[in-house]
Amino acid sequence: MKKVKTRFAPSPTGYLHIGGVRTALFNYLYAKHCGGEFVLRIEDTDRERYTPEAIELIYRDLKWMGLAWDEIMESQFARRDRHMEVANELLVKGAAYKCFTTKEELAELREKATEEKRAFRFESKWRDVDPADYPIDQEYVVRLKTPLDGETIVNDDIRGTVSFPNKDIDDLILVRSDNTPVYQLSVVVDDHDMGITHVIRGEEHLNNAPKQVLIMKAMGWDEPTYGHIPLILAPAGQQGKLSKRHGATAVGDYINAGFLPEGLFNYLLRLGWGHGDDEIISREQAIEWFDLSGVVKAGARFDMQKAISVNGYYIREADTARVTELTIPFLEKKLDRILTDAEKELLSKAMPEVQERVKTLVEAADLASFYFISEMPELDEKTKKVLDKPIPVNDSEESKHPKEIFCDSFAKLEELDWTVDSLNDYFNALAEKHNVKLGKMLQPLRVAIAYSTITPPLYEAMVLLGKEECLKRMNNACD
RNA sequence: GUCCCCAUCGUCUAGCGGUUAGGACUCCGGAUUUUCAUUCCGGCAACAGGGGUUCGAAUCCCCUUGGGGAUGCCA
């Protein structure tokens with residue numbers, strides 16, 4: 001039994017798509033599950049769309065997700081000579097031919113077919129021309145001579161055996177007229193040369209598989225096993241596969257949205273793959289459990305709510321020091337300034353209560369921001385209202401305005417020992433004195449101190465904030 | 001148009017001939033919590049339709065419908 005070797009082969013155009021990392025993830029998991037190797041190959045044969053920045057993004061995002069590759073081919077384009085060598089061999093064998101039809105002629109034929117609502121199937125008149133009769137000094141492409149009848153079988157571990165009638169497969173181009181190899185050729189040659197045993201990739205490649213099998217056959221090479229995974233579709237109610245217009249598609253978007261790598265890892269794993277009722281699955285567990293038979297055949301819609309929910313689990317579980325570190329840049333962005341060491345210390349003290357209440361790092365920065373903003377920011381209507389909302393008096397129709405309760409009590413607060421216990425005693429007594437429910441009474445105070453109705457436990461926050469700062473904020477609210 | 005793939009709650013999924021069709025997200029109740037979040041209980045909600053095969057189909061076969069992909073000198 002050959003050692004399993006999978007590959008992730010992105011093309012460096014733009015950013016790394018979320019569907020791309022999922023493909024990488026499945027390749028990685030399958031390889032690791034089988035004790036094999038996972039290789040990364042940059043498919044940069046299209047020089048017009050290639051950008052070096054895109055390659056850096058691929059490296060960054062894969063590393064961020066913890067998908068370390070065991071081997072890398074940094075440039076497929078660099079191997080073009082070898083690809084051309086194979087093309088020539090095919091030519092010599094008579095399995096391929098030179099086609100002198102121009103792009104313009106081709107476009108015309110295609111257009112005509114569309115107009116007449118016919119299936120476009122190009123039949124080159126050069127297919128059976130003797131090489132001795134080829135014109136000289138004329139541009140040509142190299143095409144594969146696809147069998148006219150019979151069928152080509154693709155063995156797919158996810159879909160089973162898929163067969164394609166050869167009559168529907170056209171004579172695909174192997175080499176462009178500028179003498180550069182095309183992806184279809186390069187993939188096959190590289191997969192073979194690198195010893196790839198399992199080609200796991202998006203379903204959009206399923207139609208390419210028979211063409212690649214045909215090339216393999218023409219070369220007399222062993223075919224790999226395929227695994228075409230379903231596409232990630234647009235969110236519920238929207239059409240097509242997930243794309244930019246449906247929202248976040250780049251891995252970078254999720255990093256910026258405050259996802260933890262393990263959160264995205266887990267969500268993506270479950271999107272198109274299942275293992276019984278298991279939802280929270282660690283990396284180690286995933287490697288142990290992952291197999292191609294668990295891959296769901298139907299396309300899966302991306303659900304941001306669930307992704308965030310899963311991420312929330314990991315935020316709560318994560319080490320506090322780590323979440324603190326990760327939250328700092330988000331907080332600095334929000335505050336638009338660098339945090340001092342003292343502030344970082346404060347953040348880490350606040351974090352245990354913060355991380356329990358948020359689902360992303362962005363939310364963590366939002367929730368913790370009141371520790372660092374002395375002036376009350378613009379509040380939304382609902383929150384603002386709490387500041388003036390009358391507090392009902394127990395067993396009566398009456399109610400008291402928050403100011404009535406708080407604004408004359410500063411003198412006593414100033415003398416108070418500023419601890420959770422004494423604050424607790426103090427406010428309990430205050431609520432009793434005014435005969436109101438503690439929870440109701442504390443709500444406006446919460447907003448005055450933390451500018452939100454959602455905060456860490458109030459007394460704890462007040463202690464961290466310090467007496468002076470709290471009194472200042474209460475004073476401001478009383479004006 | 002042609003080819004290929006697919007089809008269980010709104011969404012992600014379990015189920016692989018005999019189940020009260022399970023779990024998760026969302027939503028709605030309730031409990032805990034000084035508030036919020038968490039957590040815990042409970043609820044709403046699905047086998048696309050039609051034919052077969054079978055003692056018995058969500059499960060197997062066929063058709064219809066629906067969805068997705070491909071149809072490039074892109075990958």
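Order of the sequence lines fixes the chain letters, A, B, ..., with proteins taken first and strands second; residue numbering starts at 1 for each chain.
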Shorter than 3.5 Å, N or O on both sides, protein versus nucleotides 61-68 of chain B: list them out with atom names.
from: B:G68; atom 1: OP1; to: A:Gly240; atom 2: N; distance (Å): 3.1

### Query
Within the structure shown, what part of the strands sits under 4.0 Å from A:Arg121 by heavy-atom distance: base, sugar-phosphate, or nothing?
nothing
### Task
Rounded off to whole Å, could you give me the NZ-to-P distance for the A:Lys306 and B:U11 pair?
13 Å
### Query
Looking across every strand, which nucleic acid part, if any, lies under 4.0 Å from A:Ile454 by heavy atom: base, sugar-phosphate, or nothing?
base
### Message
Per the salt bridge (Lys or Arg N to Asp or Glu O under 4.0 Å) rule, what does the pair list look like for residues 361-371 of chain A, sequence neighbours excluded?
### Response
A:Lys334-A:Asp366
### Task
Enumerate the residue pairs fulfilling salt bridge (Lys or Arg N to Asp or Glu O under 4.0 Å) with a member in residues 424-435 of chain A, sequence neighbours excluded, ordered by first and then second residue.
none
### Query
In residues 10-19 of chain A, which residues come under 4.0 Å of RNA chain B by heavy atom?
A:Ser11
### Message
Testing the 3.5 Å rule here: is there a donor-acceptor pair between the side chains of A:Ser186 and A:Glu43?
### Response
no
### Task
Name the nucleic acid region contacted by A:Phe164, choosing base, sugar-phosphate or nothing; use a 4.0 angstrom heavy-atom cut-off, strictly under.
sugar-phosphate
### Query
What nucleotide, of B:C12, B:U2, B:A70, holds the atom closest to the side chain of A:Arg270?
B:C12
### Message
Could you measure the distance from the CD1 atom of A:Ile281 to the CG atom of A:Leu269? Nearest 0.5 Å is fine.
### Response
5.0 Å
### Task
Just say parallel, tilted or perpendicular for the rings of A:Phe290 and A:Tyr30, cut-offs at 30° and 60°.
perpendicular
### Query
Which nucleotide, in any strand shown, forms a Watson-Crick or G-U wobble pair with B:C3, with both distances under 3.5 Å?
B:G69
#### Entry: Euclidean distance, A:Cys470 SG relative to A:Arg473 CZ, rounded to 0.5 Å
7.0 Å
### Task
Assign A:Glu279 to base, sugar-phosphate, or nothing according to its heavy-atom contacts below 4.0 angstrom with the strands shown.
base
### Query
Please, which pairs that meet salt bridge (Lys or Arg N to Asp or Glu O under 4.0 Å) have at least one residue in residues 295-312 of chain A, sequence neighbours excluded?
A:Glu279-A:Lys306
#### Entry: Of residues 421-434 of chain A, the positions that come close to RNA chain B - non-hydrogen atoms, cut-off under 4.0 Å
none
### Task
Name the nucleic acid region contacted by A:Leu367, choosing base, sugar-phosphate or nothing; use a 4.0 angstrom heavy-atom cut-off, strictly under.
nothing
### Message
Test of understanding: with side-chain contact (heavy atoms from CB on, under 4.5 Å), list the residues that count as partners of A:Ala250, not counting sequence neighbours.
### Response
A:Tyr15, A:Asp253
### Summary
In Watson-Crick or G-U wobble terms, with both distances under 3.5 Å, the base opposite B:C44 is none
### Task
Determine the Euclidean distance between corresponding P atoms of B:A14 and B:U8; express it in Å to zero decimal places.
10 Å
### Message
Regarding B:C73, can its base be found pairing with the side chain of A:Ser177 as donor and acceptor, where the two atoms are less than 3.5 Å apart?
### Response
yes
### Task
May I ask you to decide whether A:Arg7 forms a salt bridge with A:Asp190, counting only side-chain N to carboxylate O separations under 4.0 Å?
no
### Task
For A:Val141, report the nucleic acid contact type (base, sugar-phosphate, nothing); a contact means any heavy atom under 4.0 Å.
base
### Task
Return the orientation label for the A:Tyr254 and A:Phe259 ring planes: parallel under 30°, perpendicular over 60°, tilted otherwise.
perpendicular
### Query
Looking across every strand, which nucleic acid part, if any, lies under 4.0 Å from A:Val296 by heavy atom: base, sugar-phosphate, or nothing?
sugar-phosphate
### Message
Just to be sure I understand the rule, does A:His275 reach a base, reach only the sugar-phosphate, or reach nothing, if contact means heavy atoms closer than 4.0 Å?
### Response
nothing
### Query
Do A:Arg22's NZ or CZ and the ring of A:Phe26 fall within the cation-pi criteria of under 6.0 Å and 45°?
yes
### Query
Contacts to RNA chain B from residues 356-365 of chain A, heavy-atom cutoff under 4.0 Å, which residues?
A:Glu356, A:Arg357, A:Lys359
### Message
Counting the atoms with a prime plus P, OP1 and OP2 as sugar-phosphate, which does A:Arg316 contact under 4.0 Å by heavy atoms, base, sugar-phosphate, or nothing?
### Response
sugar-phosphate
### Task
State yes or no: are the ring centers of A:Tyr426 and A:Trp418 separated by less than 6.0 Å?
no
### Query
Do A:Asn166 and A:Thr152 meet the criterion of a side-chain donor-acceptor pair at a distance under 3.5 Å?
yes
### Task
May I ask you to say what A:Thr455 touches in the nucleic acid, namely base, sugar-phosphate or nothing, with a heavy-atom cut-off under 4.0 Å?
base
### Query
Does any residue of residues 97-105 of chain A have a heavy atom under 4.0 Å from RNA chain B, and if so, which ones, in number order?
A:Thr101, A:Thr102, A:Lys103
### Query
Is the closest side-chain donor-acceptor distance between A:Gln76 and A:Arg79 under 3.5 Å?
no
### Task
Sequence neighbours left out, what pairs pass salt bridge (Lys or Arg N to Asp or Glu O under 4.0 Å) with at least one residue falling in residues 198-218 of chain A?
A:Arg159-A:Glu203, A:Lys217-A:Glu223
#### Entry: Inter-nucleotide P distance (B:A37, B:A70), Å rounded
43 Å
### Inter-nucleotide P distance (B:U11, B:G49), Å rounded
15 Å
### Task
Quick one: list whatever passes salt bridge (charged side-chain N to carboxylate O under 4.0 Å, His left out) with A:Asp171, sequence neighbours left out.
A:Arg127
### Task
Among the candidates B:C25, B:C3, B:G22, find the nucleotide nearest to the side-chain atoms of A:Ser309.
B:C25
### Query
Of all of residues 39-55 of chain A, which get a heavy atom below 4.0 angstrom from RNA chain B, listed by number?
A:Glu43, A:Thr45, A:Asp46, A:Arg49
### Donor-acceptor side-chain pairing of A:Thr419 and A:Ser422 below 3.5 angstrom
yes
### Message
Measuring centre to centre across the rings, with the benzene-like ring taken for any Trp, is A:Tyr267 within less than 6.0 Å of A:Tyr313?
### Response
no
### Query
Considering only the P atoms, how many Å lie between B:G15 and B:U2, rounded to the nearest integer?
36 Å
### Query
What nucleic acid atoms does A:Pro230 come within less than 4.0 Å of, heavy atoms only: base, sugar-phosphate, or nothing?
nothing
## Note on the structure
Out of B:C6, B:C25, B:G72, minimum distance to the side chain of A:Ala298 belongs to B:C6
### Query
A:Tyr459 vs A:Phe427 aromatic rings, parallel, tilted or perpendicular, using cut-offs 30° and 60°?
parallel
### Task
Select base, sugar-phosphate, or nothing to describe what A:Asp170 touches, counting heavy atoms under 4.0 Å on all strands.
nothing
### Query
When all nucleic acid strands are considered with a 4.0 Å heavy-atom cut-off, which category describes A:Gly202: base, sugar-phosphate, or nothing?
nothing
### Task
Can you figure out which of B:C73, B:C12, B:C25 approaches the side chain of A:Gln305 most closely?
B:C25
### Query
Using atom C1' of each nucleotide, how far apart are B:A75 and B:A58 to the nearest Å?
38 Å
### B:U53 pairs with, by Watson-Crick or G-U criteria that keep both distances under 3.5 Å
none
### Query
Within 45° of the six-membered ring axis of A:Tyr140 and under 6.0 Å from that ring's centre, is NZ or CZ of A:Lys98 located there?
yes
